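Just so it is clear, the model here is predicted, and its values are computed rather than measured.
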Amino acid sequence: MAAPHAPHAPLIAPSILSADFARLADEVAAVGDADWLHVDVMDNHFVPNLTLGLPVVESLLRVTDIPMDCHLMIERPDKWAPPYAEAGAHNVTFHAEATDNPVAVARDIRAAGAKAGLAIKPGTPLEPYLEILREFDTLLVMSVEPGFGGQKFIGEVLPKVGTARRLVDAGELTILIEIDGGVNDDTIEAAAEAGVDCFVAGSAVYSAGDPAAAVRSLRQQAAAAAKHLTL
Ligand code: DX5
Ligand code: ZN
């Protein structure tokens with residue numbers, strides 16, 4: 001049966017978490033044909049790791065035109081998320097587990113001019129959030145525990161992708177479905193078949209000799225796999 005979805009080519013979002021932080025502008029330039037640039041903001045509270053914050057995002061926005069996909073793994077997104085939208089991020093994603101009022105945060109992000117994304121950890125069910133997803137532009141399904149790059153892909157999250165895919169294809173939601181963690185040559189096909197639109201890849205891109213070629217290769221593999229969706 002023909003795939004009902006994927007009106008667009010798969011989006012590849014390299015994660016600069018796996019880049020050389022001392023050469024960030026060069027590392028961003030090295031993935032010049034990326035669809036989104038994925039920037040992992042960690043506060044050492046929501047996750048046990050500390051990365052970068054708004055000043056670095058502002059600097060990166062000055063050196064690239066790639067739409068910036070900010071993934072906030074932080075507490076208090078109500079307070080800290082809107083400034084990323086005001087700074088010019090394309091998409092600002094925060095975690096469902098980090099707030100009691102995700103709708104208010106999404107509305108603030110949208111009012112500040114960015115797309116709003118909701119992220120869920122591998123162990124977080126999707127069902128409680130289905131009702132509010134119309135307030136969002138992106139659903140980020142984590143396929144590793146948030147906090148570190150280079151972890152193994154957790155395939156058990158893919159039914160959540162399938163659920164969201166069916167709702168989008170039925171016209172009940174208009175969100176992009178993003179997957180983050182452990183995406184590489186071995187795992188992207190399964191994610192694409194489940195219905196992912198946007199694939200975050202950190203180590204698979206930045207450990208490659210040619211990061212731009214790695215982006216193109218991942219995009220091709222995702223596009224080929226999406227042609228035979230298992231839905
Ligand atoms: C992990 C981050 C991911 C990470 C992915 O918490 O959200 O974006 O950079 O890295 P890989 O692709 O190496 O799993
Ligand atoms: Zn991320």
Side-chain angles (χ1 to χ4, degrees), residues 1-19 27-40 64-69 71 90-91 93 115 117 119-120 122 126 137-144 149-231:
M1 193 175 92
H5 93 299
H8 56 77
L11 304 177
I12 305 297
S15 166
I16 58 165
L17 184 61
S18 298
E27 295 280 69
V28 171
V31 293
D33 65 346
D35 300 289
W36 286 2
L37 187 72
H38 187 83
V39 179
D40 289 303
T64 185
D65 294 328
I66 304 172
M68 205 160 292
D69 178 32
H71 176 195
H90 174 75
N91 184 68
T93 291
K115 307 279 187 195
I120 51 174
L126 178 59
D137 304 287
T138 310
L139 170 69
L140 188 155
V141 176
M142 292 262 6
S143 41
V144 299
Q151 302 182 75
K152 190 174 173 295
F153 185 79
I154 301 172
E156 286 80 3
V157 306
L158 291 179
K160 291 191 277 190
V161 170
T163 298
R165 179 81 267 148
R166 281 187 286 277
L167 289 169
V168 172
D169 290 345
E172 291 175 37
L173 283 177
T174 49
I175 46 165
L176 279 179
I177 304 165
E178 187 172 10
I179 199 150
D180 184 6
V183 173
N184 57 35
D185 289 343
D186 297 329
T187 58
I188 195 165
E189 190 172 328
E193 287 181 354
V196 168
D197 299 298
C198 180
F199 303 80
V200 177
S203 45
V205 168
Y206 280 106
S207 68
D210 182 344
V215 169
R216 288 192 295 273
S217 169
L218 288 169
R219 193 186 283 120
Q220 268 174 8
Q221 291 174 74
K227 290 199 179 105
H228 42 87
L229 266 180
T230 52
L231 294 182

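For Gln220, there are no side chain to side chain contact (heavy atoms under 4.5 Å, CB included) partners two or more places apart in sequence or in a different chain. Remark: Ala212 pairs with Asp33, Asp210, Arg216 by the side chain to side chain contact (heavy atoms under 4.5 Å, CB included) rule, at least two apart or across chains.
Rounding to the nearest 0.5 Å places NZ of Lys160 at 9.0 Å from CD1 of Ile179. Taking CG from Asp180 and SG from Cys198, the interatomic distance works out to 9.0 Å, rounded to the nearest 0.5 Å. Note that CG of Leu11 is 8.5 Å distant from CZ of Phe199, once rounded to the nearest 0.5 Å. Atoms CG and CG, on Leu218 and Asp185 in that order, are 6.0 Å from each other to the nearest 0.5 Å. Taken from CG in Asp40 to OG1 in Thr93, the straight-line distance is 10.5 Å, to the nearest 0.5 Å. Summarising the geometry, atom CG belonging to Asp137 is positioned 11.5 Å from atom CD belonging to Glu178; distances are rounded to the nearest 0.5 Å.
Arg166 places none of its side-chain heavy atoms less than 4.5 Å from the side chain of Val161. Using a 4.5 Å cut-off on side-chain heavy atoms (C-beta onward), Val183 and Val200 make no contact. Taking 4.5 Å as the limit, every side-chain heavy atom of His71 sits out of range of all side-chain heavy atoms of Asn91. Taking 4.5 Å as the limit, some side-chain heavy atom of Val28 sits within range of a side-chain heavy atom of Thr64. The shortest distance between side-chain heavy atoms of Thr174 and Val168 does not fall below 4.5 Å.
Nearest heavy atoms, Leu17 versus Gly149: CD2-N, 3.6 Å. Across all their heavy atoms, Leu158 and Ala191 have their closest contact at CD2-CA, 3.9 Å. When all heavy atoms of Ala164 and Leu139 are compared, the pair lying nearest together is CB-CD2, 3.8 Å. When all heavy atoms of Phe153 and Gly181 are compared, the pair lying nearest together is CD1-O, 3.2 Å. Considering every non-hydrogen atom in both Ala192 and Ala222, the closest pair reads CB-O, 3.5 Å. Gly182 approaches Thr187 most closely through the heavy-atom pair O-OG1, 2.8 Å.
Distance alone, capped at 3.5 Å, is enough to place a donor-acceptor pair between the Asp197 side chain and the Ile177 backbone. Between the side chain of Ser217 and the backbone N or O of Ala213, no donor-acceptor pair lies under 3.5 Å. Not one N or O on the side chain of Tyr206 forms a donor-acceptor pair closer than 3.5 Å with the backbone of Ala201. Checked by atom type and distance alone, the side chain of Asp35 pairs as donor or acceptor with a backbone atom of Ile12 at under 3.5 Å.
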Evaluate the criterion side chain to side chain contact (heavy atoms under 4.5 Å, CB included) for residue pair Val31 and Leu37; output intermediate values, then yes/no.
-> CA-CA 9 Å; Val31 293; Leu37 187 72; 4.2 Å; yes
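Asp69 pairs with exactly one of His38, His90, Lys115 by the side chain to side chain donor-acceptor pair (under 3.5 Å) rule, that one being His38.
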